[in-house]
Amino acid sequence: MKLSIGHLYPELLNLYGDRGNIACMKKRCEWRGIEAQVTEFSLSDPVDFSKLDIVLLGGGSDREQQIVCTRLQSIREDMKAYVEDGGSVIAVCGGYQLLGHYYETGDGKMEGLSLVDLYTVQDSPRLISNIVLKNSSIFPYEIVGFENHGGRTFIGENKPFGEVVYGSGNNGKDGKEGILYKNVVGTYLHGPLLPKNPHVCDYLLSNALERKYGKGELSALDDTQEIEANRYIRDRFVK
Ligand code: GLN
């Protein structure tokens, strides 16, 4: 079995090392004897979504998002078809905001991909914090991470990635964080989201394998240390 992972625009969207998520997906595939091929796309490269199983769109500053946003309009139709067909996407922070209809800042409105029904409006202060989420219908234990965003995101009646147990989440008000739409995960959790949360990594891998081979079961790995680290963070912030 083989999964092809596409990393969109890492030269612009790689804040806090979002690339660590790629290393984690690759390693957890390899440990199970699944081949994982990673392709990095820079702004001028064409993207053939029919060859991809998982796409990572990382985070970036407003300036970098603005540059990417213009380019995204030209891949929008193909990416929409990929998402509607069940293609997996993990979009982090700036990338998450760009999945929606728009991101409005003091400097104007950036048009998003409109792949998912959400929108984002900038406000102050920035929401900077460790964060803990819960989504027990899908994930066996909490999701831990770090958030740093000025944007407030509103997802309407869509399913969130998790309920906020500690931290701010989408907008600091409604107790929701991120979004789940088909096999798309959008989240504000930055940096090494997947190494800290191997259950989220396996969720993405399993969905991608299910779509490609009709079989999403993954063999168990020894995650004792990862789970211990996850528990440690959870216990620091949740009493
Ligand atoms: N520029 C966006 C914001 O501040 C996203 C930042 C990020 O990716 N950390 O809301």
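Bear in mind that the values here come from a model prediction, so they are computed numbers and not experimental data. Just follow the structure's listing: the first ligand is 1, and inside any ligand the first atom is 1.
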Tyr188 and Ser168: side-chain donor and acceptor closer than 3.5 Å? no
Partner residues of His199 under the ring pair (Phe, Tyr, Trp, His ring centres under 6.0 Å) criterion, sequence neighbours left out: Phe139, Tyr141
Trace of the ring-ring contact (aromatic ring centres under 6.0 Å, His included) decision for Tyr119 with His101: CA-CA 5 Å; Tyr119 66 93; His101 301 301; 7.9 Å; no
Give every pair made of an N or O atom of ligand 1 and a protein N or O atom lying under 3.5 Å apart, one pair per line with both atom names and the distance to 0.1 Å, or write 'none'.
from, atom 1, to, atom 2, distance (Å)
ligand 1, 1 (N), Gly60, O, 3.3
ligand 1, 1 (N), Asp62, OD1, 2.4
ligand 1, 1 (N), Gln65, OE1, 2.8
ligand 1, 4 (O), Arg126, NH1, 3.1
ligand 1, 4 (O), Arg126, NH2, 2.9
ligand 1, 4 (O), Gly150, N, 3.0
ligand 1, 8 (O), Gly60, N, 3.1
ligand 1, 8 (O), Gly60, O, 3.2
ligand 1, 8 (O), Gly94, N, 3.0
ligand 1, 8 (O), His190, NE2, 3.4
ligand 1, 9 (N), Asn148, O, 3.0
ligand 1, 9 (N), His190, NE2, 2.8
ligand 1, 10 (O), Gln97, NE2, 2.9
ligand 1, 10 (O), Tyr103, OH, 3.4
ligand 1, 10 (O), Gly150, N, 3.0
ligand 1, 10 (O), Gly151, N, 2.8

Would you kindly say whether Asp107 and Thr105 are connected by a side-chain donor-acceptor distance under 3.5 Å? no
Donor-acceptor contact below 3.5 Å, side chain Ser206 vs main chain Tyr203: no
Ion pair Asp53/Lys2, N-O distance below 4.0 Å: no
